[in-house]
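Since the structure is predicted, the reported quantities are computational estimates derived from the model, not experimental observations. To find a chain, count down the sequence lines: A is the first, B the second, and so on, and within it residues start at 1.
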Amino acid sequence: MSVTAGFGGRRGDDDERLPPGQYRVDDFPVLTAGPTPLVETDSWALTVRDDQVERTWSWDEFTALEVESVTTDIHCVTHWSKFDTQWAGVSVATLLDEAGVRDDAPYAQVYCYGGYTTNLPVEDLVDRVALVAHTFDGDPLEVEHGGPARLLVPHLYLWKSAKWIRGIRLVDHDQPGFWESAGYHNHGDPWLEQRYAGD
Amino acid sequence: MAQDTSTPAERSTAHVDGNALAGALALAFGTDMTTATVQCGDCDDRHRVAATHVYLRCPGMVMRCPACGATEIVLTEIRGRIGLHVRRVTAISFA
Amino acid sequence: MLRWRQATVTQRIAETDSATTLVLDVPGWTTHRAGQHVDLRLTAPDGYQATRSYSVASAPARPLAITVQRVDDGEVSPFLADVARPGTAVEVRGPVGGWFVWEPNTTDRVVLLAGGSGIVPLASMLRHRRRLGDPTPFHLVYSARTPDRILYRDELAATTEGEHVVITLTGDDIPPDWDGETGRVDAQTLRRHLPAPSGGLTYVCGPTAFVEAAAASLAVLGYGPTTIRTERFG
């Protein structure tokens, strides 16, 4: 490795709101690991389940649930962060309550339209802010940003905030998702710079 | 040319093609792979690596079947080391 | 063995307002084949690295040259197009890619379709042909937005025997003195300028949308899918 004189990347911002190794953007980059699934709201459904119970909401049922709004910074493992993003949706804690799933399952698997998956401890979904978001900046969430609905877990790198969410399954044994099984960190806390396995 | 049965979403232009993986795959396999033929583990379609759909605007590099969109290979280059994660692939024949 | 090699910029050539050719000296470099690309890596003082692929613009056996089109919100291309100068050190890996390549005396004729900076690897093929005096007929259709985006304009215009070069402008403001083609590359344009689909290989390079449209148009003209090689750069 040798330093390229004059190349600074996009970094060098000392803002204390930026986790280590991040730079700030004002636009909203669109990242995707595959084709964008187009899901109409009249065929959309969200399922929450464990090994005992299963609950599915249609779009109308889902959007009738209590709405929670958050304004938060988001951080992508590809080094960009965006400040003060405004989201609205249904808190994951509400969904788990409504579904009546067991409250002692340690892990969650998140699965999506298009086949994407991610995994995270249930405590990251219920003890912190975590939404299934359907609104961004006051407007319906655009499909390239994960609409009709995406997970939002802003205290972890954004690959955990799965776009086009289709379901959450609570399990006893952790199972790495799409990126977690390809060398990315299993937890992904940006403040600890948990980018890759072993960080 | 085969009939196009893809959905509008699958015809999106967010991808490039397997040529973009030539460097990383050459490191992983020790030979040029863009001329190799891959059989998709989901739909059995056979195609050159050069013809696959590759997504680079994401944490790693994702190579997908051009016929059905299944994830065939996920490549990462983390701190200078190539990671090769074979997902839905039945066979690879070298040219 | 493929590995990162230290490279030094030896020359920069302004191609257009937004594109720059960089000539690189790479000790130990093996020469490339026409159409191949290299991976290029930049490292910031804090260790942050950015890697991109660039097609080789120069002919095989000539010094390694890449042409960089500046993407304004890009991270690497503004550095290469605007900041890098003779003496700048970068790292390169390659040459790579064995599919999108042309070798002399392998095919009856060659059709090249370029969209935007997709001209770069095709220019390497054309330069290779001219340098060797290879007689293979070449037909190039090159789509650019505006005249000031045309790369290698004078060089492309200096055709030698057996070369057919057509440039089509796709932008809204076509200058009144433009006497070339206008409009996107579609089946009608190609029918006007390409030979009947018999024998030979076709190379298509450009943004994904261009490549998809061009390949579909070639199919309309009866070009067989196995004779078409494509490279998309997003």
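- Across all their heavy atoms, B:Thr34 and C:Gly98 have their closest contact at OG1-N, 3.0 Å.
- Here the shortest heavy-atom pairing between B:Ala22 and C:Gly97 reads CB-N, 3.6 Å.
- Counting all heavy atoms, side chain and backbone alike, B:Leu27 lies closest to C:Leu2 at CD2-O, 3.2 Å.
- The local environment of CZ in C:Arg12 is crowded, with over 12 non-hydrogen atoms from other residues, nucleotides or ligands closer than 6.0 Å.
- The structure places CD of C:Gln49 at 10.5 Å from CZ of B:Arg79, a figure rounded to the nearest 0.5 Å.
- Checking C:Glu231, C:Gln36, C:Arg229 one by one against B:Asn19, the side-chain contact (heavy atoms from CB on, under 4.5 Å) holds for a single residue, C:Glu231.
- Contact check for B:Asp17 versus C:Thr230: side-chain heavy atoms found under the 4.5 Å cut-off.
- In the displayed structure, C:Arg192 atom CZ is contacted under 6.0 Å by more than 12 heavy atoms of other residues, nucleotides or ligands.
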Going through the distances and angles, do B:Glu77 and C:Arg93 end up as a salt bridge (charged side-chain N to carboxylate O under 4.0 Å, His left out)?
CA-CA 13 Å; B:Glu77 191 157 7; C:Arg93 178 172 74 189; 2.7 Å; yes

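- Summarising the local packing, CZ of C:Arg62 is surrounded by 12 or fewer heavy atoms from other residues, nucleotides or ligands at distances under 6.0 Å.
- For the pair C:Ser53 and B:Ala20, the tightest heavy-atom approach, listed with the atom from each and the gap, is OG-O, 4.2 Å.
- Residues B:Val16 and C:Thr208 approach most closely at CA-OG1, 4.0 Å, considering heavy atoms.
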